[in-house]
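Naming: A, B, ... by sequence-line order, numbering from 1 per chain.
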Amino acid sequence: MLSPRWKKLWRDLSAARGRMVMMVIAIAVSIFGVGTILSAYTILMREISRNYLGTSPASAFIELNQVDDALVQAVRQQPGIADAEATSRVMGRVEVKPNEWMPMLLFVIPDFNAMRLSTFTSESGDWPPPEQTILLERAALPLTNVAVGDALTVQTPNGTKQSIRISGLAHDPGLAPAWQEQTIYAYITPATLAWLGEGSTLHILKVSVKEQNPSVGAIESTVSRLSAWLTGQGYAVGEIRIPPPGLHPHQSQMNSILMTLLVFSLMALVLSAILTATMIGGLLAQQVRQIGIMKAIGARSSQVTGMYLALVAVLGLAAVALGIPAGNAAKRVPAASTPGSENYAGWIIPCCWRFATPSAAQDACS
Amino acid sequence: MIRQIQAHFHGSDEVLPVRESRLIELNSVTKAYTIGSGQFLALKGIDMRVDVGEFVAVVGKSGSGKSTLINMITGIDSPTSGEVLVASTPVHALNQEQLAVWRGKNVGIVFQFFQLLPTLTVAENIVLPMDFCNMYLARERRQRAIALLEKVGIAEQADKLPADLSGGQQQRAAIARALANDPPLLVADEPTGNLDSQTSDAVMQLFSNLAAEGKTVVMVTHERDLSRFFTRSILLADGLIVNGQAVSHA
Ligand SMILES: Nc1ncnc2c1ncn2[C@@H]1O[C@H](COP(=O)(O)OP(=O)(O)OP(=O)(O)O)[C@@H](O)[C@H]1O
Ligand SMILES: [Mg+2]
């Protein structure tokens, strides 16, 4: 049987049931928040980085008057260069609604089955895309208001309007999602490029450097040596683009968002701690008289302290018992429902985050 | 004049023999409260003795220091200077933890406003001091509580909450609680202050019986017509005893 002091505590607790439940929920929710954000953070950091590095991102993109197979072969032999590949980017436009156009970035891939740098994968449909068809980046499809297999009206700078069929979808972890950039990403072969009216010449040389985890400076010096060599070979070197090495295009943006979320959930935890302190303070204030009586009839300070500490411990444990399994459940559900860990984040990260940084969420999910 | 009397009693203190039957002894007890910038002397040098089995009334005007005085005896408050000995224990020298243990076993306190814990039944309220002081076997405590309730005449109220009892019944329950650990000393601060005269007579009779059984009772009271119950009265005025030592058992 419970001794009277624990009975007293229990009855006081039940008397203030409503407030106590509120308090426990407040703490549980903030524990849940912090736990979820922390694990989302860990997963996102790991997955995004892994996905991105899995694409063998190029160290630099060098714009030239023309890039052919022989040049690519020769560049691979240049000092400090690990690999090279030809590509092209063409900015065109696509009709998404009658008379409503959106920019379309076309990536020209000479050989879809032998991509070496900044690679992407087939999501569905044909691979490689047959001539006079395009692959869309999967996040771009919803913006076009059509389905795979349907045709889109596309125009490139030097071409006329062409109706082109979507033959499939690709998944490119190195890109920002279409709906954030408001740009449709598509992939075509050089033959399709020629058919669109742009000629089949490729203009961009993608290179990667030999050095592991290179700094921007190291890449710059290797690439400028290469650039000098290219000029010497009679090529006209245009813009050279060096993306932050090893970093997903939205990594830093995502880092700051996650930090913000973490700070918010920590603030929620602090707030619930303050709420708890206030409520316990209120409870104790109501009990000052009773504490006085208990001490007058022989209760030692340690006994009284023990009672109220036990009360706080019970509330705290209840909150933890609620918050931690909830956090774990949140982690388990998406793992079970979507094979592969990539889609964790889309489920875990609350909608507000998606709105705040659609690209980051999309990247995480893609 | 008061100072002269005080000086007189003070002078005679040294020659009083320490008696076997002495329970309480206060020597030159003062109590100063800090109020605002200055100090206020609530007790200005109290010398007082109480023997076993006495039923002592502490009387005096409001603000004369009655509550302050008995708080010295129970150790609820500590004197600024002087000695408080209860059953030879130097109460003034105990720390808070020692005081709690000592008080729980040696002093039963009864307050004006009964002060039963509202969420415990009457019986549980009486078991509480036994629980805190770890007195009696756990399984015998309730039985003892019921026996004490029988003694104060409200055994049938044992399982009710205090709020369901009348004022007189609550005060009887509070007396039963004061007796829980069988202390030699009962201290009460205006225990009848909130009761009608008939009920207060009954409560006084209860205290009187306890004194007759050998408990020592020190009680603060305002009510003059209760004097027939006491073996002695101590009159306080402005923090000094103005009579009372005269009725000594010397
Ligand atoms: N904590 C305190 N701080 C400052 N002054 C105090 C404190 N407690 C008591 N006093 C003062 O000490 C004096 C004696 O107070 P005490 O409570 O002992 O009076 P009392 O004789 O019990 O009065 P009453 O009959 O009204 O209960 C009063 O003037 C009171 O204002
Ligand atoms: Mg008083």
- Message: If you apply the rule side chain to side chain contact (heavy atoms under 4.5 Å, CB included), what do you find for Leu117(B) with Met294(A), and how did you get there?
- Response: CA-CA 9 Å; Leu117(B) 298 190; Met294(A) 288 190 284; 3.9 Å; yes
- Heavy-atom pairs under 4.5 Å with chain A, option from Ala178(B), Pro129(B), Ala180(B) with the top count: Pro129(B)
- Reported CZ-to-CD1 distance for the pair Arg177(B) and Ile293(A), which is rounded to 0.5 angstrom: 6.0 Å
- Item | Arg5(A), Lys7(A), Arg300(A) screened by salt bridge (Lys or Arg N to Asp or Glu O under 4.0 Å) with Asp131(B), the one that passes | Arg5(A)
- Note on the structure: Between the OG1 atom in Thr121(B) and the NZ atom in Lys8(A), the distance rounded to the nearest 0.5 Å is 13.0 Å
- Query: So which part of Gln303(A) gets closer than 4.5 Å to some heavy atom of chain B, the side chain, the backbone, both or neither?
  - Reply: side chain
- Task: Can you establish whether the number of heavy atoms outside Gln212(A) located under 6.0 Å from its atom CD is more than 12?
- Result: no
- So with a 6.0 Å cut-off around CD of Gln143(B), is the heavy-atom count from everything else above 12? no
- Item | Engaged part of Ile109(B) at the chain A interface, taking heavy atoms whose separation is under 4.5 Å | side chain
- Query: If you look at every heavy atom in Gly298(A) and Cys133(B), which pair is closest and at what distance?
  - Reply: O-SG, 3.8 Å
- Message: Surrounding CG of Asn213(A) (heavy atoms of other residues, nucleotides or ligands, distance under 6.0 Å), is the total greater than 12?
- Response: no
- Message: With rounding to the nearest 0.5 angstrom, report the CZ to CE distance, Phe132(B) to Met307(A).
- Response: 5.0 Å
- Return yes when atom CH2 of Trp6(A) has more than 12 non-hydrogen atoms of other residues, nucleotides or ligands closer than 6.0 Å, and no otherwise. yes
- Query: Do other residues, nucleotides or ligands put more than 12 heavy atoms under 6.0 Å from the OH atom of Tyr33(B)?
  - Reply: yes
- Message: For Ser14(A), which atoms come within 4.5 Å of any heavy atom of chain B: side chain, backbone, both, or neither?
- Response: neither
- Winner by heavy-atom pair count (cut-off under 4.5 Å) against chain A, out of Ala100(B), Ala138(B), Gly104(B): Ala100(B)
- Query: Rounded to the nearest 0.5 Å, what separation is found between the OG atom of Ser3(A) and the CD atom of Glu124(B)?
  - Reply: 10.0 Å
- Task: Hey, could you give me the CD1/CD1 distance between Ile126(B) and Ile297(A), rounded to the nearest 0.5 Å?
- Result: 10.5 Å
- Before giving the answer on side chain to side chain contact (heavy atoms under 4.5 Å, CB included), spell out for Gln115(B) and Gln290(A) the whole-Å C-alpha distance, their side-chain angles and the decisive distance to 0.1 Å. CA-CA 8 Å; Gln115(B) 309 288 26; Gln290(A) 297 192 33; over 6 Å; no
- Message: Any donor-acceptor pair under 3.5 Å linking the side-chain atoms of Glu97(B) with those of Ser301(A)?
- Response: yes
